[in-house]
Structures are given as C-alpha cells and as structure tokens.
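In what follows, a single structure is set out as structure tokens and then discussed.
All values reported here derive from a predicted model rather than from experimental measurement. Letters go in sequence order (proteins before strands), and every chain restarts at 1.
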Protein chains: 2
Amino acid sequence: MDKPQPEHLKSAGLKSTVPRLNILNLFKSGQERHMSAEDVYKHLLASGDDVGLATVYRVLTQFEQAKLLVRHNFEGGKSVFELNQGKHHDHIVCLQCGHVEEFYDAAIESRQKKVASERGFAVHDHSLHIYADCVRKNCPHKR
Amino acid sequence: MDKPQPEHLKSAGLKSTVPRLNILNLFKSGQERHMSAEDVYKHLLASGDDVGLATVYRVLTQFEQAKLLVRHNFEGGKSVFELNQGKHHDHIVCLQCGHVEEFYDAAIESRQKKVASERGFAVHDHSLHIYADCVRKNCPHKR
DNA sequence: ATGCGAATAATAATAGTTCTCATTTGCAAT
DNA sequence: ATTGCAAATGAGAACTATTATTATTCGCAT
Ligand SMILES: [Mn+2]
Ligand SMILES: [Mn+2]
Ligand SMILES: [Zn+2]
Ligand SMILES: [Zn+2]
C-alpha cells in the first residue's frame, strides 16, 4: 500500500537509493508515526534491510530538508521524525508511557502569530509540547 | 544586591557550599538570564571562582529539582536554565542572534489546558518555543 | 557498457552530559 | 575549638546522540 517509488525521491532532488527507499517506506508503512534515528535503524535491521546508522542520520536530515519529514525535539535528548503530511500540528507526550498524541488548535496558532508580530518577530516555526499523564488506567502504550 | 544567603539553600534542603552559592549568585546577579551549564562554568571561572564542570551540571539539576531554577530545551541540543521567578512564561528565540524574549499569553495557556483535558491527559507542564527573526535591522543581541 | 559524481558504511571524532571514586568540606555533637 | 561522618566536590572516565572522514560502491546519464 503506497510503497514509495523512485519518483518520490527524484522530485525532492535526491537520487533513488536502497537505504532512502527503505527509510521512506518505513515511515509510509505507518507502523510507527514518530521515530528516532535509532528506532529507524532497528526497524530496518529487524526487517532484514542492512544499513549503516550514519546513513540513517544523513538520510533523515536530508528528508527533513526536502520536507519529506518533520523533526521534533521532545524532552529526552533525541530527535524524533515523522512523515510530513502537510498539516502542522502540535503534540501531547505522555510521561508514563511515551505515547504521543497530536492536536491542532487554531486559537493557539493565531495567538502565537499575534504575540510574535506584536514584538517585532517574523516567525519561522514553533514547537508546542504538552507533557502529561494519560489519565486512564491501562495507559495503552509501552514506555 | 540580593546576594544569596545560606538560608536560601537550606530551605531548599541543600547544604550551603561554595559552588552552590556561587552558582545561585550568578543567576541572581541578573547579568544573563538564560544560561547553559557551559555558560555558568565559564562565568564562574572568569570571575575567579574555581569549580568543576561536573559540579555545575549536578548543582543545576539539583536547583531544578528544588525549583530554584527552570530548565529549557531549546533547539541546539543543550539545556538552558533560568531563575525560577514563580511566574510561568514561554519564549521566542531569535534565529539570527540567539536573543530570547519572554512572553505570557493567558489565552494560549487556557486553550492548552482545554485541549489536554478534552483528550484525557493530566498536564504536568509544557514548552512553547517560537523560533523567529528579529525583524528590526541591527538585531541588538550577539549570537 | 562506461565513467564519474554522489551515496554508502565503517569507523573515528565531537558535544553534551552523567558516572565513579578518592579527597575535601559542612556542620552537628561533643 | 575539635572531632566524626555523611554529603559534596573535582578530575577524569564513560556514555549517548550525532556528525565527520574516507575508502569503496552505486545510480544513472551518456
Ligand atoms: Mn506528529
Ligand atoms: Mn525565560
Ligand atoms: Zn502549533
Ligand atoms: Zn506557556
């Protein structure tokens, strides 16, 4: 279902290589939406696709620059990536289980623009991370 | 002006030591409001206070736990600390000069609570970082 | 099929931070 | 003031995430 074709990379100015196709394919597979370099590396090895960790880091950065992926810097020190699906959103991260929930709030977005422009800043982007606990018992996601 | 006294540390459950007093003093001096461990280390060395870098890291973390300082994880990989002055605020970071501007917007804050509670999360805290350019030429702060 | 610049993978290197442990220090009880 | 000891420090090793180096391999236009 929707396996990445060489054209997807070509149109981003990147030549079609095995590691690039595998990484893009992993994100498109939808198994896990938010993944670190280490996560990607392990998934690829697990599925028999041999790849170097340095290549994973390089490709993730290239994909970020090509706007195929978006990078997030949550607490915990490591960058996390997700498919760029065009629509910006922010995140709630569960401190118990690590589950990441997405949301978009138009009021928050427009207030941010207002705050920044009132102070003479031209906004490039922003990150809004809410750290919380799943209230429900049986927090359904693993740490 | 307002040099930290041993009592300030004692009441936080920390015994009064030279490195701790020096670090707290540096933040209270107000020279620089947001500082990384490295920043603190260099400031202390520059003012003739010999200290170990590991001690700086340890004390900053202790001060964070004691709620004397607040930690921020801006883009760029290193933690930045500031005096905890009781009132929460968020940050605009200038991508040109590194200047950090603080703001508080009640509408944004209350919407965050709403968004999280609607989804069944109990909020611990959040971080909102707006990355932007100072619009004015002569961006008045050094990188 | 060939050639060449780009991409890869293994490894070393770097940056930020934490850990280990021998030594020193704060401070409470003499 | 002196002592005793748990807590704190500082030097360096160790660790984690990431980037740089470079010899080899690969994609792809010719
Ligand atoms: Mn997301
Ligand atoms: Mn601040
Ligand atoms: Zn947003
Ligand atoms: Zn806020």
Side-chain angles (χ1 to χ4, degrees), chain A residues 4-26 34-45 47-66 68-69 71-81 98 143, chain B residues 4-26 34-45 47-66 68-69 71-81 98 143:
Chain A
Q5 299 303 310
E7 300 73 50
H8 293 144
L9 292 172
K10 294 261 183 58
S11 63
L14 296 165
K15 73 170 58 164
S16 171
T17 69
V18 171
R20 284 173 181 166
L21 286 168
N22 284 151
I23 291 172
L24 188 52
N25 185 48
L26 172 58
H34 302 90
M35 283 182 284
S36 67
E38 189 75 25
D39 292 337
V40 170
Y41 179 64
K42 284 179 176 158
H43 268 89
L44 292 185
L45 291 194
S47 62
D49 300 313
D50 229 335
V51 69
L53 180 55
T55 300
V56 172
Y57 273 102
R58 246 179 297 125
V59 170
L60 289 176
T61 299
Q62 292 162 345
F63 281 6
E64 181 195 11
Q65 288 164 349
L68 291 170
L69 296 180
R71 178 196 300 258
H72 302 295
N73 294 108
F74 299 137
E75 279 181 8
K78 45 176 64 173
S79 285
V80 169
F81 299 81
R143 176 184 302 278
Chain B
Q5 299 303 310
E7 300 75 49
H8 293 143
L9 292 173
K10 293 262 183 59
S11 64
L14 296 166
K15 73 169 56 166
S16 170
T17 69
V18 171
R20 284 173 181 166
L21 286 168
N22 285 151
I23 290 172
L24 188 51
N25 185 47
L26 172 59
H34 303 90
M35 283 182 284
S36 67
E38 189 74 23
D39 292 336
V40 170
Y41 179 65
K42 284 181 176 157
H43 268 89
L44 293 184
L45 291 193
S47 61
D49 300 314
D50 229 336
V51 70
L53 180 56
T55 300
V56 172
Y57 274 103
R58 250 177 323 199
V59 170
L60 290 176
T61 299
Q62 291 161 346
F63 282 5
E64 181 196 11
Q65 288 164 348
L68 291 169
L69 296 180
R71 179 196 299 259
H72 302 295
N73 294 109
F74 298 137
E75 277 181 6
K78 44 174 65 173
S79 285
V80 169
F81 298 81
R143 176 183 301 276

Whole angstrom value for the distance that separates C1' of C:dA7 from CG of A:Asn22
14 Å
Approximate separation, where rounding is to 0.5 Å, of B:Leu69 CG and B:Met35 CE
8.5 Å
Check whether A:Arg20 reaches the backbone of A:Lys15 with its side chain - one donor and one acceptor, N or O, closer than 3.5 Å.
yes
Nucleotide by nucleotide, 5' to 3', does protein get under 4.0 Å of the base (B), only the sugar-phosphate (S), or neither (-) in nucleotides 22-30 of chain C, counting heavy atoms?
----SS---
Smallest separation among heavy atoms of B:Ser16 and B:Leu9, with atom names
CA-CD1, 4.0 Å
Return the value, rounded to whole Å, for the distance between atom CG of B:Asp50 and atom C1' of D:dA8.
16 Å
Between D:dG27 (P) and A:Arg20 (CZ): distance, integer Å:
11 Å
Quick check: do B:Gln62 and B:Leu68 have side-chain heavy atoms less than 4.5 Å from each other?
no
For atom CG of A:Leu60 and atom C1' of C:dA9, their distance in whole Å
16 Å
A:Leu14 and A:Phe63, any side-chain heavy atoms less than 4.5 Å apart
yes
Just jot down the salt bridge (Lys or Arg N to Asp or Glu O under 4.0 Å) partners of A:Glu75, sequence neighbours excluded, or say none.
none
Axis-to-axis angle across the helix from C:dA1-D:dT30 to C:dT30-D:dA1, five pairs each end, nearest 10 degrees, ~ 30°
A:Leu44 has an atom CG; how far is it from atom P of C:dT8, in whole Å?
12 Å
When the distance from CG of A:Leu9 to P of C:dA6 is rounded to whole Å, what number comes out?
17 Å
For B:His72, ring-ring contact (aromatic ring centres under 6.0 Å, His included) partners two or more places apart:
B:Phe74, B:His91
Take atom CD of A:Glu75 and atom C1' of D:dA17, then tell me their distance rounded to the nearest Å.
17 Å
Check: residues 48-58 of chain B side-chain donor-acceptor pairs under 3.5 Å, at least two apart:
from, atom 1, to, atom 2, distance (Å)
B:Asp49, OD2, B:Ser47, OG, 3.2
B:Thr55, OG1, B:Arg58, NH2, 3.0

Output the distance between atom CD1 (A:Ile23) and atom OG1 (A:Thr17), rounded to the nearest 0.5 Å.
8.0 Å
Within the 4.0 Å limit for protein heavy atoms, which parts of nucleotides 14-19 of chain C are touched? Write it as a string from 5' to 3', B for base, S for sugar-phosphate only, - for none.
--SBBB
Determine yes or no for a side-chain-to-main-chain donor-acceptor pair under 3.5 angstrom, with B:Asp39 supplying the side chain and B:Ser36 the backbone.
yes
